[in-house]
There are 2 protein chains.
Amino acid sequence: MIDDIDRAILELLAGNSRLSLKDLAARIQLSSPSTSERLKRLEERGIIRGYTIDADPRLLGHQLQAIVRIRPLPGRLPSVQKLIEATAEIVECDKVTGEDCFVARLFVRSMEHLDEVVDRIAEEATTNTAIVKGQLIKRRLPPITY
Amino acid sequence: MIDDIDRAILELLAGNSRLSLKDLAARIQLSSPSTSERLKRLEERGIIRGYTIDADPRLLGHQLQAIVRIRPLPGRLPSVQKLIEATAEIVECDKVTGEDCFVARLFVRSMEHLDEVVDRIAEEATTNTAIVKGQLIKRRLPPITY
DNA sequence: GCAAATGATCGACGACATCGACCGCGCAAT
DNA sequence: ATTGCGCGGTCGATGTCGTCGATCATTTGC
């Protein structure tokens with residue numbers, strides 16, 4: 001279903017999604033038309049959902065990164081959910097099992113800014129904020145098992 | 001330093017990093033050479049760190065996603081750190097302040113697989129596992145304040 | 001074994017990125 | 001105020017790249 005060549009394509013594009021078809025083709029030792037065809041199929045099958053960039057948040061004015069666990073107060077779940085969605089500083093948020101209901105990652109300019117955003121959430125939820133000191137592993141593809 | 005046109009470029013590429021220069025240029029109402037020049041500068045300045053893909057982990061054989069908080073046992077921090085780095089299932093891991101030392105995101109095939117990976121970590125650390133039930137917000141750019 | 005389907009290559013054509021030459025605006029210094 | 005300079009832009013030519021149709025090889029099923 002997904003073979004070594006597809007895997008190679010995924011890995012190469014994960015490393016640089018702006019690679020030209022020709023470069024891609026050369027690296028996987030295939031002609032460009034067939035590389036193009038495989039790429040199209042990976043997209044059609046939904047395996048590749050999209051192509052995006054990795055931008056440096058610091059250079060965009062966000063000096064601080066935090067992971068906030070959020071447990072809405074009784075009855076406030078829908079309202080908290082709306083608040084999270086409306087908070088632009090939250091760049092990622094998962095609904096999880098366990099004591100906490102949500103885990104959000106947020107980018108802020110400063111401590112004051114962090115405080116401001118978290119305070120808003122804390123009006124309707126119990127929160128737990130952990131400031132990111134460093135990235136041990138930065139976003140990578142999981143091992144491809146199929 | 002970074003103007004509306006740069007912002008537009010970042011947003012467009014965040015939405016689809018494989019956009020051709022020509023398309024990009026058309027959307028920001030600029031010629032391709034100047035678009036190319038701006039793109040080059042965004043890269044040189046380190047604002048764009050790279051171009052990557054968004055792949056569907058489920059279609060790559062990872063049915064389950066979890067967020068694991070990890071607190072190494074006394075003296076085991078370096079060893080835990082090495083273990084995390086060597087664990088391919090961990091696709092992202094941050095070093096954070098607070099009770100927990102690390103927060104990791106994990107992709108696994110099954111509950112058994114999850115258990116296996118977490119058990120390995122739990123030999124040297126206190127762990128807290130939250131299974132991801134859904135993504136409320138999936139990775140997006142933070143607001144650009146500069 | 002043969003037919004058909006799948007997945008590859010080849011070559012030609014059209015689209016695209018890049019480069020050099022040139023232009024115009026804003027700013028600083030005289 | 002004017003002149004000179006530099007930044008950031010357009011334009012047009014050239015070479016490279018992607019795409020499409022035709023064709024060929026290899027594997028699968030009968």
Side-chain angles (χ1 to χ4, degrees), chain A residues 1-62 109 139 141-146, chain B residues 1-62 109 140-146:
Chain A
M1 194 97 192
I2 160 169
D3 63 12
D4 290 342
I5 298 178
D6 289 331
R7 254 187 286 274
I9 292 177
L10 288 171
E11 270 154 26
L12 285 166
L13 288 179
N16 177 10
S17 64
R18 272 186 85 79
L19 268 185
S20 71
L21 262 191
K22 204 198 170 207
D23 280 0
L24 244 189
R27 284 171 213 237
I28 60 178
Q29 317 245 60
L30 229 60
S31 66
S32 356
S34 23
T35 307
S36 170
E37 183 59 30
R38 275 174 179 272
L39 197 50
K40 209 178 94 203
R41 293 218 55 222
L42 286 169
E43 291 168 358
E44 282 167 357
R45 290 199 271 164
I47 292 172
I48 295 180
R49 285 191 292 214
Y51 304 94
T52 187
I53 61 173
D54 174 20
D56 188 334
R58 295 209 170 171
L59 295 176
L60 294 176
H62 298 89
R109 288 187 299 277
R139 274 277 165 177
L141 274 189
I144 301 173
T145 53
Y146 276 171
Chain B
M1 192 100 193
I2 159 169
D3 64 9
D4 290 342
I5 297 179
D6 289 332
R7 254 187 287 275
I9 292 177
L10 288 171
E11 270 153 26
L12 285 165
L13 288 180
N16 177 12
S17 63
R18 272 184 86 78
L19 268 185
S20 72
L21 262 192
K22 204 198 168 207
D23 280 1
L24 243 190
R27 283 170 215 239
I28 60 178
Q29 318 247 56
L30 229 60
S31 66
S32 348
S34 25
T35 306
S36 169
E37 185 57 32
R38 276 177 178 270
L39 197 49
K40 207 178 96 204
R41 291 218 57 221
L42 285 170
E43 292 168 359
E44 282 167 359
R45 290 199 271 163
I47 292 173
I48 295 180
R49 285 191 292 215
Y51 304 94
T52 185
I53 60 172
D54 174 20
D56 187 336
R58 296 208 169 173
L59 295 176
L60 294 176
H62 299 90
R109 288 187 300 277
R140 61 184 183 192
L141 274 190
I144 302 171
T145 53
Y146 276 172

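What you are looking at is a predicted structure, and each value in this text was computed from that prediction instead of being measured. Each chain gets a letter, A, B and so on, in the order the sequences are listed, and its residues count up from 1.
Atom CG in A:Leu30 sits roughly 14 Å away from atom C1' in C:dT6 (whole-Å rounding). With rounding to whole Å, A:Arg41 atom CZ is found 11 Å from C:dG7 atom C1'. Taking atom CG of A:Asp4 as the reference point, atom C1' of C:dA8 lies 17 Å away to the nearest angstrom. Remark: P of D:dC20 and CG of A:Leu39 are 14 Å apart, rounded to the nearest angstrom. Rounded to whole Å, atom P of D:dC17 lies 13 Å from atom CG of A:Leu24. Rounded to a whole Å, the CD atom of A:Glu37 is 14 Å from the C1' atom of D:dG18. In this structure, A:Asp23 atom CG and D:dT16 atom C1' are separated by 11 Å, rounded to whole Å. The CG-C1' distance, from A:Leu19 to D:dG18, rounds to 15 Å in whole Å.
Distance OG/B:Ser20 to CZ/A:Arg18: 8.0 Å, rounded to 0.5 Å. For the atom pair B:Glu11 CD and B:Ile144 CD1, the distance stands at 5.0 Å (nearest 0.5 Å). Atom CZ of A:Arg7 sits about 11.5 Å away from atom CG of A:Leu42, to the nearest 0.5 Å. Remark: A:Ser34 OG to A:Ile28 CD1 distance equals 7.5 Å, nearest 0.5 Å.
A:His62 places no side-chain N or O within donor-acceptor distance of the main-chain N or O of B:Thr145, the cut-off being under 3.5 Å.
The residue among A:Ile5 and B:Lys22 whose nearest nucleotide of DNA chain C is located toward the 5' end is A:Ile5.
A:Ser34 has no side-chain polar atom (N or O) that falls below the 4.0 Å cut-off from OP1 or OP2 of C:dA8. For B:Ser32 and C:dA17, the shortest distance from a side-chain N or O to OP1 or OP2 is not below 4.0 Å.
For A:Pro33, counting side-chain heavy atoms from C-beta on, the closest listed nucleotide (C:dA17, D:dC20, C:dA8) is D:dC20. In the set D:dG8, C:dA17, D:dG18, the nucleotide with an atom closest to the side chain of B:Arg38 is D:dG8.
The residue A:Ser31 sits close to a base: some heavy atom pair falls under 4.0 Å.
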